[in-house]
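Below you'll find the structure, written out as structure tokens, and then a few comments.
Naming convention: chains lettered A, B, ... in sequence-line order (proteins, then strands); numbering from 1 in each chain.
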Amino acid sequence: MAYQADVAVNWCPELGTVLANEEVIDGKSEVGGFPVVRKPMKQWMLKITAYAERLLQDLEELDWPESIKEMQRNWIGKSVGANVRFGMQETDDEISVFTTRPDTLFGATYMVLAPEHPLVDRITTAEQRKAVDLYIGEAGKKSDLDRTDLNKNKTGVFTGSYAINPVNGNAIPVWIADYVLISYGTGAIMAVPGHDQRDWEFARKFDLPIVEVVKGGDITKEAFTESENGISVNSSNDEISLDGLPVDEAKERISAWLGEKGLGEKTVTYKLRDWLFSRQRYWGEPFPVIHVDGKPKPLPEDSLPVTLPEVEKYEPSGTGESPLATITDWVNTTDPETGKPARRETNTMPQWAGSCWYYLRFIDPEYKNGPVSKEKEQYWMPVDLYVGGAEHAVLHLLYARFWHKVLYDIGVVSTKEPFQKLVNQGMILGEMEFTIYKDENGRYLTQKELETYEGPLTRLKLSGEHITKDGERYSLNPEQAHLPVIVAGPDGSKTTVKDYFAKDEPGEDLYIEARSFKMSKSRGNVINPDDVVERYGADALRLYEMFMGPLEQVKPWSMSGVEGVYRFLKRVWRMIIDDETGKLLPEIVQGEPNAGQEKALHEAIKKVTGDIEGFRFNTGISALMIFVNEAMKWDKRPLSVMNDFILLLSPYAPHLAEELWAKLGNEPSVSSQTWPEYDESKLVDESQTYAIQVNGKVRGEIQVPMSDAKNKELVLTEAKAEANVARYLEGKQLVKEIFVPLRIVNLVVKG
RNA sequence: GCCGCUGUGGUGGAAUUGGUAGACACGUUGGACUUAAAAUCCAAUGGGCCUUAAAAGCCCGUACCGGUUCGAGUCCGGUCAGCGGUACCA
């Protein structure tokens with residue numbers, strides 16, 4: 001599973017360490033935004049690619065958001081195609097390529113190797129040597145950022161050699177270019193410029209032949225890459241012809257032929273790369289590995305765990321080695337098995353290592369004989385619900401699945417997957433902001449101007465009371481001839497300099513941007529939960545966060561929304577307690593609730609229970625509010641009903657619920673009580689309301705006693721008799737009667 | 001470019017999965033209480049039409065265009081916008 005390899009890694013000189021691909025964003029380090037260059041170094045790798053297929057397949061069984069599963073599928077990037085071997089014209093060498101379009105083989109007019117491809121050196125001719133070496137040197141120096149910049153402009157050099165296209169015997173030139181990646185497929189491609197956009201651009205630039213082998217597009221304008229409605233042409237030799245076949249059939253026919261001839265075979269390739277697992281930092285789990293006679297060797301179990309040495313400084317050594325390399329009395333040790341001198345591995349594991357198995361260790365933190373005891377693992381695993389941010393979609397969540405599968409294979413865990421159900425909580429944004437933009441001359445901009453304007457902008461924050469929404473857009477209130485605004489500088493700082501905005505100054509169509517932003521210090525829209533707790537209490541904060549909307553959804557913060565749930569909590573208090581005396585209200589009485597009270601309670605129990613199970617906390621809270629609005633009207637509030645309500649409230653507002661539970665004379669704690677159950681029979685209404693439609697439009701409403709509610713004849717008769725409905729039926733021919741029990745009646749008429 | 005998700009009042013969001021769109025909350029307006037304010041309570045609140053007024057009624061309305069259906073926020077096809085992911089992956 002673990003091996004060492006010389007890989008071109010993302011070396012960040014500023015941080016003095018190597019970064020994983022996922023930690024590099026647009027050629028800069030995710031942390032700090034420093035430049036990153038590619039540099040070959042000896043690194044530890046974990047063979048996650050060996051699990052690619054299982055990581056892909058087992059996604060099906062998981063109760064995860066579709067978007068996360070899709071991201072993992074894309075990341076794993078499975079593609080099915082064929083490996084095809086091309087012989088060289090002058091030598092016995094072979095170039096193996098991977099293609100998903102073997103049906104276009106007759107259209108391969110040149111080949112491209114990645115600059116790092118091992119064959120490049122062998123096949124480069126003397127005349128081309130200088131150009132090739134130069135190109136390789138430059139490609140090696142390029143950072144990821146540079147490569148991205150050059151995307152639109154293809155570069156490459158001819159090696160001087162030719163390969164033979166096995167289907168038609170044509171000699172085709174072999175080039176090197178950095179648009180072919182050494183790390184994907186075989187590091188070499190057959191270029192089919194007629195049917196691959198990248199090859200087409202390259203062929204255009206270097207004047208290579210473009211041949212049409214699939215009919216359906218215009219290859220003089222762009223590559224024709226659709227595979228749904230293409231038909232093979234110009235694709236035959238003495239033994240095989242693909243002409244006239246649709247793409248799928250052509251692929252099968254040629255693959256079979258290549259197989260028979262020993263020229264190639266069906267192959268599956270993944271985008272997923274092996275996991276670069278070492279870091280040159282002090283903080284990180286040390287590898288349980290020593291180097292004896294220059295070879296790595298795992299330490300025996302009784303020498304574990306390897307702990308980090310005490311040090312004065314944590315800074316990187318700067319040479320690319322970990323700071324641990326400078327601590328000689330730790331680094332130099334002896335092999336416990338042979339007694340030979342040994343050197344400790346100085347790389348450490350990345351941050352993800354711990355997050356790949358902490359959920360197992362947390363189950364059994366004191367266990368000494370392994371990561372987790374069998375017994376506890378079987379009791380607790382898999383994790384029933386994992387709530388986390390979407391930013392972990394392909395990092396932590398893929399790595400942890402990988403480790404878990406390895407642990408499953410060696411018998412440490414009993415489940416194939418660690419996290420059965422996963423929910424992504426949505427981010428909470430700052431409050432809604434209204435912004436108007438001003439150019440460097442102080443002119444306010446319209447939407448069109450803003451789109452094209454490139455100079456320095458000043459953001460002016462307007463407050464909600466100055467804005468009206470008419471139709472699709474927001475505009476300034478007409479009475480705001482002049483209004484004070486808060487000036488936000490380009491650096492994000494907010495100075496409360498008073499500016500005066502003259503409404504008619506810049507003309508109509510002013511652009512007012514209305515949206516909320518991710519909370520950030522620089523924008524100054526951060527809500528500190530401590531302040532909210534201070535002012536409204538922890539219950540109100542908790543309740544508000546759940547009331548804002550669906551758990552998974554991104555939603556803006558609103559201070560007046562907090563105010564709203566805070567008012568609700570105060571209402572709950574006053575439903576039970578006399579605010580003056582702090583004693584129970586006289587309305588709170590012993591005795592049986594009436595039918596209406598029972599119905600209100602049981603409706604709340606049903607809704608709240610179902611909504612908690614389905615993570616619909618917002619609608620559950622609204623059910624509690626509906627109950628309280630109802631109960632506040634009661635002269636007598638039976639104790640039993642109040643008790644059950646407090647139980648329903650307790651997961652949402654535990655502090656308040658505990659207090660009221662005690663005030664109602666109950667034994668603590670409210671959290672150790674059994675959850676109330678609802679009784680369906682208490683929910684039944686005395687009568688049923690039917691909406692009556694005529695031709696699909698509601699024209700009236702009738703009430704029928706519950707005992708008659710499913711009586712079709714009776715309901716229809718009453719429906720037709722309803723005064724307004726009758727108006728619409730008059731003089732018309734009734735062609736159809738729709739009766740949906742307990743829902744609706746629809747009468748279809750003609751004429 | 002490609003993949004995924006989301007578009008509902010002034011705002012956050014509901015809608016039993018095809019059955020009265022806008023629950024609940026915020027905000028706004030009016031009223032009560034108060035010397036006043038806060039707090040609290042009551043009422044109204046998608047847009048429009050008809051009517052002296054009220055009651056009732058009618059039309060339009062879930063991003064846009066079209067379709068299926070007795071009936072569409074919900075299903076299907078297309079378009080647009082926003083958000084997230086990803087990008088020379090052969």
Reading 5' to 3' through nucleotides 14-31 of chain B, protein heavy-atom contacts under 4.0 Å coded B for base, S for sugar-phosphate only, - for none
S-B--BB--BBSSS----
Reading nucleotides 74-80 of chain B 5' to 3', which nucleotides get B (base under 4.0 Å from a protein heavy atom), which S (sugar-phosphate only), which -?
-------
Short N-O contact, K599(A) and E603(A), less than 4.0 angstrom
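E603(A) and K599(A): salt-bridged.
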Residues R73(A) and E60(A) bridged, charged N to O under 4.0 Å:
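Answer for the salt bridge query: yes.
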Could you tell me how far apart M632(A) (CE) and rU40(B) (C1') are, to the nearest whole angstrom?
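Between C1' of rU40(B) and CE of M632(A): 9 Å.
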How many whole angstroms separate atom CD of E70(A) from atom C1' of rG4(B)?
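These atoms are roughly 7 Å apart.
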Mind checking whether W634(A) and F627(A) have ring centres under 6.0 Å apart?
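Yes, the ring centres sit under 6.0 Å apart.
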Between F547(A) and F568(A), is the ring centre distance below 6.0 Å?
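F547(A) vs F568(A): aromatic centres not under 6.0 Å.
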Measuring only the P atom in each nucleotide, how far is rA32(B) from rA25(B)? A whole number of Å is fine.
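Rounded to whole Å, the distance is 24 Å.
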Gap in Å between the two P atoms, one belonging to rU6(B) and one to rC70(B), rounded
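One P to the other, the span is 29 Å.
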Which is more 5' along RNA chain B, the nucleotide nearest E722(A) or the one nearest V748(A)? Just name the residue.
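Result: E722(A).
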Can you tell me which residue among I428(A), L429(A), V532(A), L541(A) is in a side-chain contact (heavy atoms from CB on, under 4.5 Å) with I527(A)?
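The side-chain contact (heavy atoms from CB on, under 4.5 Å) with I527(A) is passed solely by V532(A) among I428(A), L429(A), V532(A), L541(A).
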Closest to side chain of Y184(A), choosing from rA90(B), rG12(B), rU40(B):
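In terms of side-chain proximity for Y184(A), the closest of rA90(B), rG12(B), rU40(B) is rA90(B).
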Non-hydrogen side-chain atoms of E552(A) and V423(A) separated by less than 4.5 Å
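SC-SC contact between E552(A) and V423(A) confirmed.
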For RNA chain B, produce a single dot-bracket line, 5' to 3'. Pairs: Watson-Crick or G-U wobble, both distances under 3.5 Å. Symbols: ( ) within strand, [ ] crossing, | other strand, . unpaired.
(((((((..(((......[....)))((((((.......))))))((((.......))))..(((((..]....))))))))))))....
